[in-house]
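The sequence lines fix the lettering, A, B, ..., with proteins before strands; numbering per chain opens at 1.
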Protein chains: 2
Amino acid sequence: MSTHHVIATYVIETSLPLQHAAEVLAGEQSTGTFVRVQRESDDLRARFAAQVESLQEIPLTGASPLPGAVGDPAARRRAVLRLRFPLDNFGPSLPNLLAAVAGNLFEIKELSAVRLIDLDLPPAFAERYRGPRFGVAGTRRLMGASDGAMIGTIIKPSIGLAPTELAEVVGELAEAGIDFIKDDELQGNGPSSPLSARVAAVMPVLHRYADRTGRMPMYAFNITDDISRLEANHDLVVAAGGTCVMACVNLVGLAGLEFLSAHTAVPIHGHRTMFGAIGRSEQVGIGFRAWQKIARLSGADHLHTNGISNKFYETDDEVLDSIAAVREPLLGIAPTVPVLSSGQWGGLAHATYRAVGTTDLLVLAGGGIHGHPDGAAAGVSSMRDAWASAARGETAQDAVDRSAALRRATEVFGPVRV
Amino acid sequence: MSTHHVIATYVIETSLPLQHAAEVLAGEQSTGTFVRVQRESDDLRARFAAQVESLQEIPLTGASPLPGAVGDPAARRRAVLRLRFPLDNFGPSLPNLLAAVAGNLFEIKELSAVRLIDLDLPPAFAERYRGPRFGVAGTRRLMGASDGAMIGTIIKPSIGLAPTELAEVVGELAEAGIDFIKDDELQGNGPSSPLSARVAAVMPVLHRYADRTGRMPMYAFNITDDISRLEANHDLVVAAGGTCVMACVNLVGLAGLEFLSAHTAVPIHGHRTMFGAIGRSEQVGIGFRAWQKIARLSGADHLHTNGISNKFYETDDEVLDSIAAVREPLLGIAPTVPVLSSGQWGGLAHATYRAVGTTDLLVLAGGGIHGHPDGAAAGVSSMRDAWASAARGETAQDAVDRSAALRRATEVFGPVRV
C-alpha cells in the first residue's frame, strides 16, 4: 500500500461513457473542473489530481437512477471504480479526508448512482488516530469474561422506565449471569430518566452484585448528547464506577466519537443508529465497510453490525460481511468488538459461529433473554450453552440435546439454525 | 404548536397496510415493539408512545423499493406520515432527538421507502440552542455590505495553490470589489497549504486593502478538522483579524457545528458537503428542510442551498424550496444567510430574485466571476449590476441594456434567464 495515497472504492452508475464519468468524479473531488482555471498548472494537476486506479464494469441491479441524473436511463452502466487521492490533499485528518472521498460527489448529476464502499488508508491515519483504547481485550478484562461469546442485552421497554424500575431490571439481569447490559439508543438524557438518575440507580445494584460475586456486568450508559456535555456525562459514569459508555456514532458524529475517545477512561460502545440514512440505499451513500473504518480509527471499542436473521433490512450475507469487516486488521489499531443484535437468541449461535469463526463477539439478545419461557437466567444460560457448544465444534443438535435451557428456548423461538 | 411535542414528517412507502406500517414506525421509535414486555404499562405507553398525527396517501413515484423491504412490491403505497413524539422522551437535546426521529427507522424492513422531510420543534430547543450568533445582520455588518445581494466567490483551483499564489488571487478579488471569498471545501488543513499558512498569507492582503478602502471582504477560512482542533483553528483566524470561519457541517457533524458555535467570535459559514449521501435518494434519508433546521439551531450563520441552474442534481424548484426553508422563521432565532452556489452568474439574478423576493443572500460565483471575458472585476460588476437591477424591479433585459459588464458576460454564459 502506498504511504502517500488513499484509495477510495465506489460503485457508480452513469449514462455517460464510464471512463468519462470516472474522470468527472476524480476532477470534482480534487483539482476542480474540466475547465482549466488560471494557475491550474500541469505541475499542480500532477501533484494534486485524483487518479482513476481501476474501473471495472459490473451488471446493473435494476434499481432506479438517482433523482437528477442526466442522460438516457436505458444507457446506464454500472462499475466499481477505485480512485487514488494524494494524501497531501487533506493530510491525515478524517473530516478533511471525507470532504474529498465522500463530499460533493454524491450530488453529481452525471452519476445515476454513487456509493462509497471502501477506503484504503495509509499508516499516517493511525499515527494521528489511535483507535479503540480497550477493544476486545480491554472489554473482556473489564467484564470478567475471559473467553466465549460475550452475552448481553438491551433494557426494554426502550424508554419510560423510572430509575427505580430500571434498577430492578438490572438486578434481575445481573443475577441471570449476564456479561453486558445497555441502554436503548432512545434512552438519552430526557427529563423522566436523566443519565444522572440512571447512574445513581444502576451502579449500586452492580456494585452489590460485584461485591458478592467478584464480577460486575458491564453496563453501557448512553451518554449521547451535545459535544460539550460528553465529557461530563462520561465522568459521571466513571465516577460512579461504571465501566462503559455508549455513544450513537452518527448522532455525535464520527468527529464527536473521536473527541470522546481522546477523553475516555472506559470502552466506548458505538451504536450505529441513523446508519440506514447513509447506508441503506444501493444507489447513494456510504457502505458499512468504509464507515466502520472511520468509526474504528475514531475510537469505537464496540461497533454494531446487526446479527444474522435480524429484524432489519440486511441479508445474512451483508451482516456477515460487516462482522468480518470489523474484525479485519486496520493499520495496527486494537481490534473492535462486533456487536450482534436484533432478533438474536441461542438458536443462531452455531450458524453464526460457523460463518465468523470466533467468539470475540458481543451478542445482544432482547427477546432471546427476556422472552425465554423460564425467565432471563434461563435465557442467558441458553445463549451461553449454545455459544460454548458451537465453539467446541459441536452441531446445533448436540447443543439442543445437552442444554435444557436451549431446548426450552426452541419452544418459543422455533428450531435452531443449523 | 404543542410545547411538549415534536412533530416529525416522513414520506413512507410500504406493502403493508399504511396505518399498520405507520404504527410499526411509531412503536420502533418510542416505547419499543408490538410485543409487550414486562413493565410496559398502559401508563408508560400513554406517556411515551409516539402517535400517528396524520397519514395521507400520495402517488408512487416509480422509484424502486429500498433493499430488504418485505412484501409484494406491486402492493406498495406511499404516504406522508406525521408522527407526534413526546418531548419528554429525549428532552431538548438535538442528538437525542435524532435518535427518535431519524435513528433505526431507516433500517425497518416493513418500509420500502422512509425519508424524514420536516420537523416541528417546540420552543424548548431554542432555549437550549441559540442558533446563529451573527446571521444576516452580523454578516452584513462585518463585510460592510449594508444592502443588496452579497457577492462572493470560491478560490479555484480548489486545492494545490501555494499560500503565496493564494494571496495573489485574494488580492485580485479584493480589488475586484468582492464581498466574500471562501476556501474550497477540499482545502482543509493539508501539508501543502495548512490553515496557518493560508491565514498568514491572506490576512495581510485583506488588511492592506481594508486600510486603503475602509472595507474588508469577508474570507471564510475552512477550519473543518477534528473537534479538538476547531477552537484552535478558529482562534488562529480570529487572532489574525479574520471575520469568518467555514465548517463542513456533515464532516464535523451537526453536533460539532454546535460545539464550534458555542465558541465562535465570527460568523460560521456552513458548507453542506456530503449532504447528498443523506439527502439525494428519494427513498431514504433526511430532506433539506429537516436538516437545515438542525443546522440553524446548531449555529450556522450561512448555509449552502445551491442556486438555480446549478451543476448538481437538484431542480430549480428544489433549490428554491431550500432557500425558502432557510429563510423561514425558526423559534425566534436569528436569520441564517442562504448561500447560492454552483453555476451562478449575473444572468440568473432576475429569475432568482423573482422567486425568492430578497437580497439577503450570499451568491457565490466561480466561473461567473473568474471566467468573465474582462476579468474578475468585470465579473463582480456584472453580478452587482444584475442583482441591483432585479431588486429595483427591472427586467433582465433592462439590466443587459444598462450594464456593459453583464452584456459582456452573456457572450460567455449565454442569454440571461428571464
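Heavy-atom pairs under 4.5 Å with chain B were tallied for A/Gly160, A/Gly91, A/Ala100; the largest tally goes to A/Gly160. For the options B/Leu98, B/Asp88, B/Asp43, B/Leu111, heavy-atom pairs under 4.5 Å to chain A are most numerous at B/Asp88. Counting heavy-atom pairs closer than 4.5 Å to chain B, the top-ranked of the candidates A/Pro95, A/Gly68, A/Pro92 is A/Pro95. Here B/Asn104 is the residue among B/Asn310, B/Asn104, B/Leu44 with the most heavy-atom pairs under 4.5 Å with chain A. Comparing A/Ala262, A/Gly256, A/Ser30, A/Ala63 by heavy-atom pairs within less than 4.5 Å of chain B, the highest count is held by A/Ser30. Considering only heavy-atom pairs separated by less than 4.5 Å from chain A, the leading option among B/Ile278, B/Val284, B/Leu186 is B/Leu186. Chain A forms more heavy-atom pairs under 4.5 Å with one residue of B/Gly253, B/Ala255, B/Gly188, B/Gly371 than with any other, namely B/Ala255. Note: A/Ala102 leads A/Pro86, A/Ala49, A/Ala69, A/Ala102 in heavy-atom pairs under 4.5 Å with chain B. For the options B/Ala277, B/Cys248, B/Gly366, heavy-atom pairs under 4.5 Å to chain A are most numerous at B/Ala277. When the candidates A/His370, A/Glu107, A/Met274 are compared by the number of heavy-atom contacts under 4.5 Å with chain B, A/Glu107 comes out ahead. For the set A/Gly285, A/Pro67, A/Pro65, the entry with the most heavy-atom pairs within less than 4.5 Å of chain B is A/Pro67. Your options are B/Leu116, B/Leu87, B/Leu161, B/Asn222, and the one with the most heavy-atom pairs under 4.5 Å with chain A is B/Leu161.
For A/Glu168, the parts lying near chain B are the backbone and the side chain together; criterion is any non-hydrogen pair under 4.5 Å. For chain A, the nearby part of B/Glu258 is the side chain; its heavy atoms alone come within less than 4.5 Å. Proximity to chain A is absent for every atom of B/Thr315, based on heavy atoms less than 4.5 angstrom apart. At a 4.5 Å heavy-atom cutoff, A/Gln187 makes no contact with chain B through either its backbone or its side chain. Interface remark: A/Arg39 contributes backbone and side-chain atoms alike to the contact with chain B (heavy atom separation under 4.5 Å). Proximity to chain B (any heavy atom under 4.5 Å) is shown, for A/Ala162, by neither the backbone nor the side chain. There is no contact between A/Arg115 and chain B, counting heavy-atom distances below 4.5 Å. With a threshold of 4.5 angstrom between heavy atoms, A/Val169 approaches chain B through its backbone and through its side chain.
With sequence neighbours left out, B/Phe125 forms a ring-ring contact (aromatic ring centres under 6.0 Å, His included) with no residue at all. With sequence neighbours excluded, no residue forms a ring-ring contact (aromatic ring centres under 6.0 Å, His included) with B/Phe85.
The side-chain heavy atoms of B/Phe48 and A/Ser192, taken from C-beta on, include a pair separated by under 4.5 Å. Side-chain atoms of A/Thr224 and B/Asn96, non-hydrogen and from C-beta on, do get closer than 4.5 Å to each other. No side-chain heavy atom of A/Phe90 sits less than 4.5 Å from a side-chain heavy atom of B/Ile159.
Considering OG of A/Ser158 and CD of B/Glu28, their distance stands at 7.5 Å, rounded to 0.5 Å. In this structure, the separation between OG1 on B/Thr31 and CG on A/Asp184 is 10.5 Å, given to the nearest 0.5 Å. Taken from CG in A/Leu254 to CG in B/Asn250, the straight-line distance is 11.0 Å, to the nearest 0.5 Å. Expressed to the nearest 0.5 Å, how far OG of A/Ser298 lies from CG of B/Asp226 amounts to 8.0 Å. If you take CZ on A/Phe312 and CD on B/Glu110, they are separated by 9.0 Å, rounding to the nearest 0.5 Å. The NZ atom of A/Lys109 sits 11.0 Å away from atom CD of B/Glu314, with the distance rounded to the nearest 0.5 Å.
When the shell of 6.0 Å around NE2 of B/His263 is examined, it contains more than 12 heavy atoms from other residues, nucleotides or ligands.
Between the side chain of A/Arg280 and the main chain of B/Ile108, a donor-acceptor pair closer than 3.5 Å is present. When atom types are taken as modelled, the side chain of B/Ser64 and the backbone of A/Ser64 share a donor-acceptor pair closer than 3.5 angstrom.
A donor atom on one side chain and an acceptor atom on the other are found under 3.5 Å apart for A/Asp225 and B/Ser93.
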